[in-house]
Protein chains: 2
Amino acid sequence: MTPSTGRAGVSGAPRSVDVARLAGVSQKTVSRVFNDEAYVSAEVRKRVLDAADELGYRLNHAARALASGRTRSIGVVTLGTALYGPASLLIGVERAARDTGYALRVVNTLEGDPGGVGGAIDSLLKQGVDGIVISEPIDEEGDGGAVPADVRVPVLVLGAPVATTGPGTVAAGVGADLLARAATEHLLDLGHRTVHHLAGPQRWYAARDRLRGWREALEARGCDEPSVVEGDWSAASGYAAGRELAADPAVTAVFAANDDMAIGLMRALTEAGRTVPDDVSVVGFDDIPVAAFVTPPLTTVRQPFDAVAQEGLRLLVHAIEKPEADLPPANDPPVELVLRASTAPAPSRTDPGGVRRSATRPRRGAKAAPPNGGPSDRS
Amino acid sequence: MTPSTGRAGVSGAPRSVDVARLAGVSQKTVSRVFNDEAYVSAEVRKRVLDAADELGYRLNHAARALASGRTRSIGVVTLGTALYGPASLLIGVERAARDTGYALRVVNTLEGDPGGVGGAIDSLLKQGVDGIVISEPIDEEGDGGAVPADVRVPVLVLGAPVATTGPGTVAAGVGADLLARAATEHLLDLGHRTVHHLAGPQRWYAARDRLRGWREALEARGCDEPSVVEGDWSAASGYAAGRELAADPAVTAVFAANDDMAIGLMRALTEAGRTVPDDVSVVGFDDIPVAAFVTPPLTTVRQPFDAVAQEGLRLLVHAIEKPEADLPPANDPPVELVLRASTAPAPSRTDPGGVRRSATRPRRGAKAAPPNGGPSDRS
DNA sequence: CTGAAAGCGCTAACAT
DNA sequence: ATGTTAGCGCTTTCAG
């Protein structure tokens, strides 16, 4: 055997030397062209590109990563659920990554999985990523959403407080607490004496934020704080909670931490003979696509997932590419309270109150229109 | 400068030589340990592992890929939507890949994007993947879901016919047509004279399959085939279609190609004064989590996304690792028709018929129970 | 503006 | 059961 034949060269894929040979330039020049480096004459560049095209040349990322120490890829740690929120965030992240020229490596942490986030990050690090995004983390066993200490790449946390460790940990996501607050205030503005909360699982930071926002709104208005019912995001859990709440005549307004639970809740209420919104008003969270079409159409808070992902990635890429520079200022994405037909003024009861019944019109950036082609507002 | 200091070694991350030195063995032995090769004494193995642990050593995948020509990662081409189907499939694929020891690279093809699937595949190939899965492809501009000719790795197509090119193209996914057929037959069994179809966008293979299944069921029973209304999977499009259908008194049963559209449809029907299921029966497709909790709870077809993904990956990994061997036999995942409250016997009309009204009990593997904790069947 | 040489961290083949 | 050597395909110095 002649020592000249490379072993893996058998795979047959053309390499940059092949392109170089065909174009009559050095291998380095090919490299320059494919890295958009300056100082390559237009003519040479074209010759190289043509040669590459003819050969069907594709740059080998593994070799590039090995030589350069950079991979131009970003790892995403996400939950293995089809929940609208996490799924939408993932899509937003992928798009934003592509726009900035990064590829995506994805690892799911199945809920309650040993090693959880730490293990996922470790596996991403082995695979080689320039940055990591942790989407909608949950607080497993009080690990504080911990990021292992020896992560040497920037980390972006989406939808949770920065559980800092490592050099450049950044965070993005509208404070869900503000949104929750707006939702609760909307209900209060309608004259309800207080608002019940159907919370998400409290291991999720997202769920905690919403609880906090609700609580703050009640406090600010001096309202009683009813005990919280906790669900697991599913419509089934919302349904179960609804059966409880339906039995309590004091319940006239409920803020659910997501739309699925709100839908289950409404179903239970209706079955129990309590009309929505006449007897009980309900507000959801997320604005899932069917929210406008359930009965009654659901008033809810729209989360700008795409904007959050985009903004987060901007920060992350900045941290990757300019580690020394300060972070650019955060752009807070727009938030929206979408008013539909599941909320109404508090039912008049034995109680003469109503003093606080201020106005029915939306507060904050609220908008009243249903999605295009949507159903009429009142069922 | 001494020539001994490697350039990128500055990054500080420990390499396998460092581990070898600390463990007092050769570098190759470290490699053996991390590849679970035979012929390493238990004692040496432990020493190596301990040393690696102490150093915080992490294998460098880029180097491994370059040297071995294999990446142990799989690329996924998926649509950038939060639709329940594609999202669920992606999760299933991730889990199955992890179980078989492969990492995931994800690329979305934004709908109607130039280059589409071809471009996505190309980018995955550059990044280096041992196999590719194309999830729920759509037929862009009659490209036949084309896979570029020079793909040198096995391809798995999920939810579409094998658009063959390349060596090992495999496919998985229950024939959605069978499921659609079962749904249609269920309606026919309830005594409806025929069944209308609210189809998905026909560029999607998944939508075409469902249409075909519906058509076959009608043909088999000699029923009229009403004209098809096409939606875009969204509840909004279902709502729009529902307004049309509501105006036609001949419509007593509709099979919608997914649950979102079914929900929009029911909403429109209800608003138009046509009660579901008394006046019109509706069947959806997917069994999205809220399906059991809308009003009325939706009868639908459950797709075993997880099983499909798992089965598909089994095939793909087989094609990757044993290119010569025959494909193992396909295991068809279980299918289910989930009966809830959106379907009922055809309303008795001027028409005396009813001869065909055979039975109300489910056909095929149908089951009647709502999900646990679900609402009662009749609203 | 272009090229030559060295080496990224690992695995493959061939010794022992 | 373990070590030696060569090289995967690229980027990075450094020289022209």
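Each chain gets a letter, A, B and so on, in the order its sequence line appears, and its residues count up from 1.
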d([atom1], [X]; [atom2], [N]) in whole Å:
X        : N       : atom1 : atom2 : result
Gln27(B) : dG9(C)  : CD    : C1'   : 8 Å
Glu43(B) : dT2(D)  : CD    : C1'   : 13 Å
Phe34(A) : dG9(D)  : CZ    : P     : 15 Å
Asn60(A) : dC8(D)  : CG    : P     : 12 Å
Arg72(A) : dT11(D) : CZ    : C1'   : 14 Å
Glu37(A) : dG3(C)  : CD    : C1'   : 13 Å
Arg70(B) : dT11(C) : CZ    : P     : 12 Å
Arg21(A) : dT2(C)  : CZ    : P     : 19 Å

### Task
Can you check whether any acceptor in the base of dA13(C) is under 3.5 Å from a donor in the side chain of Lys28(B), or vice versa?
no
### Task
Could you tell me whether the side chain of Arg58(A) has a donor or acceptor atom within less than 3.5 Å of a complementary atom in the base of dG9(D)?
no
Any donor-acceptor N/O pair, [X] side chain to [Y] backbone, under 3.5 Å:
X         : Y         : result
Arg98(A)  : Asn108(B) : yes
Arg32(A)  : Glu37(A)  : no
Asp50(B)  : Arg47(B)  : no
Ser31(B)  : Gln27(B)  : no
Asp130(A) : Ile74(A)  : no

Can you tell me if [X] touches the phosphate of [N], counting only side-chain N or O atoms and a distance under 4.0 Å to OP1 or OP2?
X        : N       : value
Thr29(B) : dT2(D)  : no
Arg64(A) : dC10(D) : no
Ser41(A) : dT2(C)  : yes
Asn35(A) : dT11(D) : yes
Ser68(B) : dC10(C) : no
Ser16(A) : dG9(D)  : no

### Query
Ion pair present between Glu311(B) and Arg314(B), side-chain N to carboxylate O less than 4.0 angstrom?
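Result for this pair is yes, salt bridge flagged.
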If you only use heavy atoms from C-beta on, which nucleotide in [options] is closest to the side chain of [X]?
X        : options                   : answer
Leu59(B) : dT11(D), dT11(C), dG9(C)  : dT11(C)
Val25(B) : dG9(D), dC10(C), dG3(D)   : dG3(D)
Arg15(B) : dC10(D), dT11(C), dC10(C) : dC10(C)

### Summary
By nearest-nucleotide position on DNA chain D, the 5'-leaning member of Val17(A) and Arg32(A) is Val17(A)
### Message
Which is more 5' along DNA chain D, the nucleotide nearest Tyr39(B) or the one nearest Ala63(B)? Just name the residue.
### Response
Tyr39(B)
### Query
Tyr57(B) near the nucleic acid: base, sugar-phosphate alone, or nothing, with a heavy-atom cut-off under 4.0 Å?
sugar-phosphate
